[in-house]
Amino acid sequence: NDSPLEMVCSLKPVAAGGSTTGGMTGGGGAMFTTSWVGGVDGGGTYTRVVCTDLDGHILAQAQRGGANPSKNTDAEQNVRSALMEALEKADRAPAQIAGLVAGIAGLDEAADLEWAERFTTLVGMPVKPTCVNDAVIAWAGALGLEPGIIVIAGTGCIIFGVTEGGRQIRNYDFQHY
């Protein structure tokens, strides 16, 4: 079993050629012929969703309230409605998805994957979403999957880093408070 970080890092486009004919491989190496990929940035204050074609061209975006269920009583609805709005704007369907990566605040333990996957799975999706803490997607975006450290200081705060050996470290790991 790959860790969520390994799955995020393994999603690589394998063919250009337009939004409906390209392909993408997931961590298992399976090829999908489809028309879009999605990203969810689910923070404590806002949930932002982007829908792109397989060449990375943005098709649509949507924003709703926070995604952290310990801070937002409507977190699940915020995530799901942002996903559906982006799909509607992009004129795409859940069945056409190649992959969805969701970074969600509050996803800190393995047991949290149950609610995170429920928040991000739409009826008809042929693939399982990859859900990680929102610090992981911040690190991936800021450092291009290279070793390093990021600090998030917003609605919530976290320090997250990845060593040259691939080890993930968070401030929580040091149990200093």
Side-chain angles (χ1 to χ4, degrees), residues 1-13 24-30 32 36-52 56 58 61-72 75-83 86 94 97-122 125-175:
N1 280 341
D2 290 336
S3 73
L5 180 64
E6 291 167 328
M7 288 186 282
V8 168
C9 295
S10 72
L11 294 172
K12 298 181 181 85
M24 176 172 267
T25 60
F32 307 103
W36 71 280
V37 294
V40 177
D41 178 4
T45 304
Y46 296 106
T47 298
R48 295 176 179 96
V49 173
V50 65
C51 177
T52 72
I58 295 174
Q61 299 177 64
Q63 180 175 299
R64 291 286 191 274
N68 185 338
S70 66
K71 306 286 185 208
N72 307 90
E76 182 172 2
Q77 179 61 31
N78 290 338
V79 174
R80 296 178 74 72
S81 63
L83 276 165
I97 191 170
L100 178 71
V101 174
I104 303 179
L107 197 170
D108 295 316
E109 307 291 333
D112 296 331
L113 284 172
E114 185 260 319
W115 61 257
E117 289 172 357
R118 185 181 71 246
F119 285 16
T120 56
T121 299
L122 302 176
M125 282 177 52
V127 297
K128 183 177 172 181
T130 297
C131 298
V132 295
N133 183 279
D134 61 335
V136 176
I137 63 168
W139 161 80
L143 300 177
L145 306 177
E146 294 294 325
I149 298 171
I150 58 103
V151 176
I152 296 176
T155 305
C157 299
I158 188 170
I159 300 169
F160 178 81
V162 177
T163 68
E164 288 182 0
R167 180 174 168 227
Q168 300 175 59
I169 302 171
R170 304 175 309 162
N171 54 309
Y172 307 132
D173 298 333
F174 297 103
Q175 301 174 358

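In this structure, CD on Gln61 lies 10.0 Å from CZ on Arg48, to the nearest 0.5 angstrom. Residue Phe160 holds its CZ atom at 8.5 Å from CZ of Arg170, rounded to the nearest 0.5 Å. Considering CG of Leu100 and CG of Leu83, their distance stands at 6.0 Å, rounded to 0.5 Å. Distance check: Thr45 OG1 to Gln63 CD gives 10.0 Å after rounding to the nearest 0.5 Å. Once rounded to the nearest 0.5 Å, the distance linking SG of Cys131 with CD of Glu117 reads 5.0 Å. Taking SG of Cys51 as the start and CD1 of Ile97 as the end, the distance is 8.0 Å to the nearest 0.5 Å.
Residue Ile104 is tested with Thr120, Asn68, Ile137, Thr47 for a side chain to side chain contact (heavy atoms under 4.5 Å, CB included); the sole match is Thr120.
A 4.5 Å side-chain heavy-atom check between Pro69 and Phe119 finds at least one atom pair inside the cut-off. Side-chain contact check for Thr52 versus Val50: some heavy-atom pair is nearer than 4.5 Å.
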Checklist entry - Could you walk me through whether Asp134 and Val136 pass the side-chain contact (heavy atoms from CB on, under 4.5 Å) check? => result CA-CA 5 Å; Asp134 61 335; Val136 176; over 6 Å; no
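The shortest heavy-atom contact between Ala153 and Cys157 is CA-SG, 3.9 Å. In plain terms, the two heavy atoms of Ser81 and Arg64 that are nearest each other are OG-NE, 3.2 Å. In plain terms, the two heavy atoms of Ala67 and Val79 that are nearest each other are CB-CG2, 3.6 Å. Among all heavy-atom pairs drawn from Ala86 and Ala62, the shortest one is N-CB, 3.9 Å. What you find for Ile158 and Ala135 is that their closest heavy atoms are CG2-CB, 3.7 Å.
In this model, no donor atom of one side chain and acceptor atom of the other lie less than 3.5 Å apart for Asn78 and Asn72.
Between the side chain of Asn171 and the main chain of Ile159, a donor-acceptor pair closer than 3.5 Å is present. Checked by atom type and distance alone, the side chain of Arg80 pairs as donor or acceptor with a backbone atom of Thr121 at under 3.5 Å. Judged by distance alone, with hydrogens and angles left aside, the side-chain atoms of Trp139 form a donor-acceptor pair with the main-chain N or O of Glu146 at under 3.5 Å.
Annotation for Ile149: atom CD1 does not count as buried by contact number, only 12 or fewer foreign heavy atoms lying within 6.0 Å.
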